[in-house]
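Residue numbers start from 1 in every chain, and the chains themselves are labelled A, B, ... in the order their sequence lines are given, proteins ahead of strands. Note that these values count all heavy atoms, side chains included, but never hydrogens, waters or copies made by symmetry.
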Amino acid sequence: MTALVEAVGLTKHYAVRHGWRRHGALRAVDGIDLTVPEGAAVGLVGESGCGKSTVARLLLRLVEPTAGTVRFAGRDITGLDELGLRPLRREMQLIFQNPHAALNPRRTLFASIAEPLVIQAGLGGAALRARVEHLMDDVGLPAQFLWRYPHELSGGQKQRVCIARALALEPRLVILDEPTSALDVSVQAQILAFLAELRARRGLTYLLISHNLAVVRQVCDEVAVMYLGRIVEHGPVAEVFAAPRHPYTRALLAAVLPPRAGALPTVALAGDPPSALELSRGCRFAPRCPLAEPVCRPTDPALDPVSHDHRVACLLARRAPASPSTA
Amino acid sequence: MSLLEVVDYSLAFDGFEGTHQVLDAIDLAVDVGETVGLVGETGCGKSVLAKSLLKLNDIPPARILSGSIRFDGRDLLALDETALRAIRGGGIAMIFQDPMTFLNPVFSIGDQMAEVIRARDRADNRKRGARDVRAAAAALLAAVRLPDAAALLDRYPHELSGGMRQRVLIAMALAGHARLLVADEPTTALDVTIQSQVLALLADLVAAQGLTLLLISHDLGVIGALCRRIVVMYAGTIVEDAPAAQLFDRPLHPYTQGLLAAVPDIGRPERRLAGIPGSIPNLLAPPAGCRFHPRCPLAIERCRRERPALRRIAAGQRVACHLAEPV
């Protein structure tokens, strides 16, 4: 599989000021390498504030990187201006967590779905109408919904509208930012099944951002785990979840509560993650890591391969035996 | 003896469009020392029921249609505001999803803790000096495993992380010596590793202090981790009530079965998820008969006409379904 998206050394620092005095830099994303193969579904997981949503916006060039490059379909898009990006916009689409906020309440569904087709494809009249109806059908919504407003729809239906709009221009890459977090589980199951079927049918590439590891396990082939602006582990989802190598991945998996009786999680991590403003030298996870050794404090671990397609940023990963997940 | 006894309780909200029948003939008894989980999707009435226990739903727009709520033998619905104040915090304590909403941003943690401790002292006709109150507050914060409790007393809510704030609210619940702790989605706003810490704390407190717990959540994993008994709600009705292990192994109501089939389980990734077709009913005009019948794969003619009673089907298991057979 060839890489559809390839980020190298991708970095985003936000300047933080107190009054006029420069306070420091918030290192939201700090030098990550991430490859999304064409046709794959890659999950990006991590807790709030780890930078996963910033990565999505950097890949789409919605925010400017501080350093690093992004290649899309083999082409470096880091230096492109808005005009140069415009033809690429149709190839990459973003679906947001909250479908209630992603749709304009004063527009009919027709207007919302038609907009990208008018702007990007120059469609109009009967051709536009037919295309929108086809898209509605594709996402499983009846055609009479076209003239409805978002408030007349349920959450799951609204998310289907957002998917229809994202698909309108036949993108190659769809970035899904917590696409089912605002939905009930019975609706989430419908949307997840639909997204999987859609990917198979259209050969789409997904980058799925989620804090829900069970959802990632269900949808993705690969998973990348982020902690405080860095990717700490990346590999095939079955391998990473069955035998996590990074202590943070292990802690995350141990905290997942399966739908069963009497499975109180073991508290694998004490305390809260530190602020991205006050990162320690060396491994960022060392202050909370149950295995940390003196060597972890001064040395910043690189994301090194432990097997053919499994990479881990931990100095101890090669030594520590891979323990199966407790989940 | 039951600590809490809700009998045939129905509640409606009067709005511009009509009357929403939010709770319909709720029957629920909770014994001393039980851990009961209340689970259901958006709009099923679980939070309204929780608030009803402290008469926190404003009347109007809320209107009690029938039933009674007894706590420790006293009829809560007959109590006046003064008597209710003694129950709130003293008999029943409540913690919510977003702790920031329930902490006053302009008072320090110590001030807010002291207020609860003094209220309890007044109820007990006890007097103590500011220093003793402060020491008691620090002891309570230490009891919920907040590090450096004494220093925390002078901090303000915005200086604390989400997990710390939720612990402060739990400490306040302990300050009033409440016998029943009602926790409404206490970990939904928290990251998973912090969620494990808070759930482990709740489990220890319940065991150590003999608290009775009513935990409300949409997350079957959270409920399964903490509760020995699970009550499932759908569209304002209780559809099933069973010991936790029994509910996960052998759910008898078609809605419970649907809910369990929709939850992704990280331990069983090969299992295909099935959503529940359709969406939740409009409570302005709830379906006649069984409220679940329009979405139920098994519905028969009788389900459309006749409301199923919550019947005891097996040991400790009650189900509101015409088709459930005794096992």
Heavy-atom cut-off 4.5 Å, strictly under: side chain, backbone, both or neither for R271(B) against chain A? backbone

Check each atom of A274(B) against the heavy atoms of chain A and say whether the ones under 4.5 Å are side chain, backbone, both or neither. backbone

Contact class of R295(B) relative to chain A, heavy atoms under 4.5 angstrom: side chain

How far does CG of L273(B) sit from CD1 of I191(A), to the nearest 0.5 angstrom? 12.5 Å

Between L213(A) and V192(B), is any pair of side-chain heavy atoms under 4.5 Å apart? no

Give, as side chain, backbone, both or neither, the part of L192(A) having an atom under 4.5 angstrom from any heavy atom of chain B. side chain

Can you tell me which portion of Q195(B) sits under 4.5 Å from chain A's heavy atoms? Options are side chain, backbone, both or neither. side chain

State, to 0.1 Å, how close S186(A) and E41(B) come at their nearest heavy-atom pair, and which atoms those are. OG-OE2, 2.8 Å

Kindly say whether L269(A) contributes a backbone atom to a donor-acceptor pair with the side chain of Q197(B) at under 3.5 angstrom? yes

Could you have a look at G155(A), A214(A), A196(A) and say which one has the most heavy-atom pairs with chain B under 4.5 angstrom? A214(A)

Part of E47(A) within contact of chain B (heavy atom distance under 4.5 Å): both

Ignoring hydrogens and angles, tell me if any N or O in the side chain of D265(B) forms a donor-acceptor pair with the backbone of P258(A) under 3.5 Å. no

